[in-house]
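Data first, discussion second: the structure below is written as structure tokens.
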Amino acid sequence: MLLVTILFIVFLVMGMPVAFAIGISGMAFFLQHPELPFTITVQLPISQTQNFAMLAVPLFIFAGNLMNSSGITKRLMKLSSVLTGHMHGGLAQVSVVLSTCMGGVSGSAIADASMEARVLGPDMIERGYSKGYTANVISWTALITATIPPGVGIILYGTVGEVSIGRLFASGMLVGLLMMIGLMITVWITSTRRGYGAERKKATTKEVFSAIGESIWALLFPILLLGGIRSGIFTPSEVGAFACIYAIIIGAFIYRELDFLKIARTLGDTVIDVGAIMFIIALSGIFGYGIPLENIPKLLTDAILGISQNQYLVMLIILGILVILGMFMDGSVIILLFTPIFLPLAKAVNIDPVHFGILFCTIITMGNMTPPVGLAMYAVCQILDIPLTDYIKDMWAFFFTVIVLVVILMFFPRLVLFLPNLLFG
Amino acid sequence: MRKFYERICRLEVIVSAVFLSASCLLIFIGALARSVDKPVNWSQDFSLFLFAWSVFLAADVALRHDKLVKMELLLLKISEKSARIITIINYLLIVVFLAALAVYGVKLSFISYRRVFQGIPGFSYTWVILCVPVGCTLMIITSILKLKNLFQSCRKGV
Amino acid sequence: AGVQEAPAQKQYVLRFNHVLTPQDPYHAAFLNWAEAVKERTNGGLTVEVYPSAQLGVEEDILEQIRQGANIGQNTDAARLGMYVPDMAVMNAPYFVETLDEVQKLNTLPTVQAWKAELERTQGFKVLSFFWVQGFRQTVTNKPITSPKDLNGLRIRTPGAPIWQESIRAIGAIPVAMNYGDMFSGLQTKAIDGLELSFTATSTGNFHEVCKYVNETKHILLINFEVISSKWFNSLPPEYQQILEEECNKAGLEVSRQYLEELDPKNLALLKSRGMTVIPEAQIDMKAFKAAGEAAYVKLNLQAARDKIYAEMGKAK
Ligand code: NA
Ligand code: NA
């Protein structure tokens, strides 16, 4: 894996498309191991696409594009401007709140970021937010979406680690809300400093109601999605399909802005977005193959317990490692590979599995927002056509906020466990 | 010849778009059918089949439009000529990689004909695997065309 | 006793993949097998066990095995049925009922012929199928005492046809859903129930979303440990024998543990967590067995079953 890692970094620096940098360096492992059938390099990318939960990603990208062309976004923007236009960084605050609403609907940070990049991104840039800041607001707030149940990562962790998903969900709810507050404060401070101030006077009650009336179908959307899931009509994996159909129906029959030609054009745009994002996910399947073979997880465990047996120190070390891993690897792969390694380690030093799981999933999901390999970051930058350098420049305030939040949660397990203990005893 | 290739490119976008929207529709119908106690299990399976194809075709569309994400930190800092040489090396590596995937994709398609897709009797997994050699072959063509453009602009000394 | 003359002291490694977690009793059993093999071959043959599907998707691994790789997989009769269709019968409802019967299966000419066909035409070597993972039970939110009670209930099953038809046969509506989606599927009522062993129900914490566990015992789940026949044949004969023997031994051990220890223990645990257990005695097993017949008819497995029963001397 050493060769794989080195090659990967070299290819990235050479400006090779990330998907190929991942795929080619991953393939190098198979050249080193002639005993492995080379056909595995074909199986792995396909298997990445044969995961039903993964389908939510392209469907939410499509739904986001449709909401743009159906006029839903336009109305939502008007409303949000009326509601938050007088606040510091109004549109950025909308992104925080919208991601929180989407949390009850979508389980994927990447899907939420992709959707909001379409829905909110162009408007933010148009209203003077710097491109890098816009991309960061959109991708970092998507962390809330993944934390508030349902979340793909949390379900995976609970399944692999045999930890109660009900308890994990309950604690994700509260942690997600804390995250929302934290990010709202960050947005408030950074917007004030950057001078992203009010763009209008506070709206009158009449204006607010008129805007709500105009965008009622858009506002109903998350509620209907949530209702669809809660009533069991859709599983979290299926709800992206409902989002697409809903956007088409509203756009075509209620707002009457969507015709066949527009749908076709939207699909054309979606194909490019899906190709760019899903190809990375597909080829990332090749990349991680060597990790279990070289017994890297076990080597890591022995090394950590060799350093210290102190609960907080072990936790800090694990989370530090996860931050780094999260930067390079796909979240679900890390959860699959490292839950079996780190969870027993956490239990050995008396860390509650739910507490650990929430921190684990938060950190791993954060990897989607950081370079060099961050799928939410790529998605947003690709959709909004923003250079990664701009993104990285404006990233630090958000990175810092999430790290601070994780550290607080780490030292106050009661905060994380309050809701699950209340609900499940 | 060029006309034929343009037609292929159009077809690729259309197939990818149709497969994506069909898989969306299938999932939607599947969910509705289940909620009236008439689950159609194949809707999920078939949507995954369509998904695999649409991903690999869409990847070529994205590649052709230069929409695949990359880190351009270094390339922006060096001379235009060196940047172009590095880009040529990148595409050469990509062509070799894609060729390997295409060849072994064909091989795997032959090997896996007995494997049943998602347990659906009579539906071989080979039909899913084929999306890799097809998608990769299309991407090889795209990359070679890009290489051709790069070489031409090199010769012109631009 | 070790093998004295391993030819040229060549080292062999088998990478063995399974989809279960490292906490699963099966993982420990695979490690026991690996340990015994290592000891008896003086380290000449090592089995590396990879839990949680670390090496990949089960179906992918099976194809890698067919290509002669030094890889193994824990799989089931439903999947092997892709390669030798009649073998799916070993995953059918109420096919066999005891561990002794499973062991007896391996002595039957028909089963031996299936194994030979897998080896000859597909490149699979079945090391052992004495790996019984308990009985599958229905886990629901209403008590089940007869197939009629399952009418209209959406029960999650794996995707393979034999699973689907087995669940349809005993009265329910089968819904193919990923293992990881089950918990939220139940919470949101996308499904009405599951069919799992007592142990899996308990380790998955499904008492949080289901009230009843019904001892319908509709399938005695037999697992198969398969590797590449090409690779197997490249091993020294002593190693081959050791690998097979120890696999059977470890399998029988964990199967007994499952049936005699784990399932009863987890059943008690489920009760203590507030689940209501409908015991076998309160269930119309005769009706369930009669209903199960439909799966054999649908998938054309009656002939295979009858042949096996005739060879076993088992009444239908
Ligand atoms: Na957001
Ligand atoms: Na969520």
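In what follows, every chain begins at residue 1, and chains take the letters A, B, ... in the order their sequences are listed. Computed over heavy atoms, backbone and side chain alike; hydrogens, waters and symmetry mates excluded.
Distance CD1/B/Ile111 to OG1/A/Thr39: 5.0 Å, rounded to 0.5 Å. Note: A/Phe11 CZ to B/Ile89 CD1 = 10.5 Å, rounded to the nearest 0.5 Å. Separation of atoms CE (A/Met16) and CD1 (B/Ile86) is listed at 11.0 Å; rounding is to 0.5 Å. Taking CD of A/Glu238 as the start and CG of B/Leu32 as the end, the distance is 9.5 Å to the nearest 0.5 Å. Atom CD of A/Gln50 and atom CG of B/Asp45 lie 9.0 Å apart (nearest 0.5 Å). In this structure, the separation between OG on B/Ser112 and CD1 on A/Ile46 is 8.5 Å, given to the nearest 0.5 Å.
Within the 4.5 angstrom heavy-atom criterion, only side-chain atoms of B/Ser23, from C-beta onward, approach chain A. Within the 4.5 angstrom heavy-atom criterion, only side-chain atoms of B/Phe117, from C-beta onward, approach chain A. Neither the backbone nor the side chain of A/Ile386 has a heavy atom closer than 4.5 Å to any heavy atom of chain B. With a 4.5 angstrom heavy-atom cutoff, A/Met278 touches chain B via backbone and side-chain atoms both.
The two residues B/Ser16 and A/Val271 make their nearest non-hydrogen contact at OG-CG1, 3.6 Å. Shown here for B/Ala62 and A/Ala276, the closest heavy-atom pair between the two residues is CB-N, 3.7 Å. Residue B/Asn90 comes nearest to A/Gly15 through the heavy atom pair ND2-C, 3.6 Å, listed as atom of the first residue, atom of the second, then distance. Of all heavy-atom pairs spanning A/Ala241 and B/Cys24, the tightest one is CB-O, 3.4 Å. Nearest heavy-atom pair, B/Leu108 versus A/Gln43, reported as atom, atom and distance to 0.1 Å: CD2-CG, 3.5 Å.
Counting only heavy atoms from C-beta outward, the side chains of A/Phe279 and B/Leu63 never approach each other to under 4.5 Å. The shortest distance between side-chain heavy atoms of B/Leu20 and A/Pro58 falls below 4.5 Å.
Close approach to chain A, defined as a heavy atom under 4.5 Å from one of its heavy atoms, is seen in B/Ile94, B/Phe97, B/Leu98, B/Ala100, B/Leu101, B/Tyr104 of residues 94-104 of chain B, taken by number. Taking 4.5 Å as the heavy-atom cut-off, the residues of residues 46-57 of chain B that approach chain A are B/Ser47, B/Leu48, B/Phe49, B/Phe51, B/Ala52, B/Val55, B/Phe56, ordered by number.
Comparing A/Thr41, A/Ile245, A/Ile280, A/Asp273 by heavy-atom pairs within less than 4.5 Å of chain B, the highest count is held by A/Ile245. Among the candidates B/Lys67, B/Arg64, B/His65, the residue making the largest number of heavy-atom pairs closer than 4.5 Å to chain A is B/Lys67.
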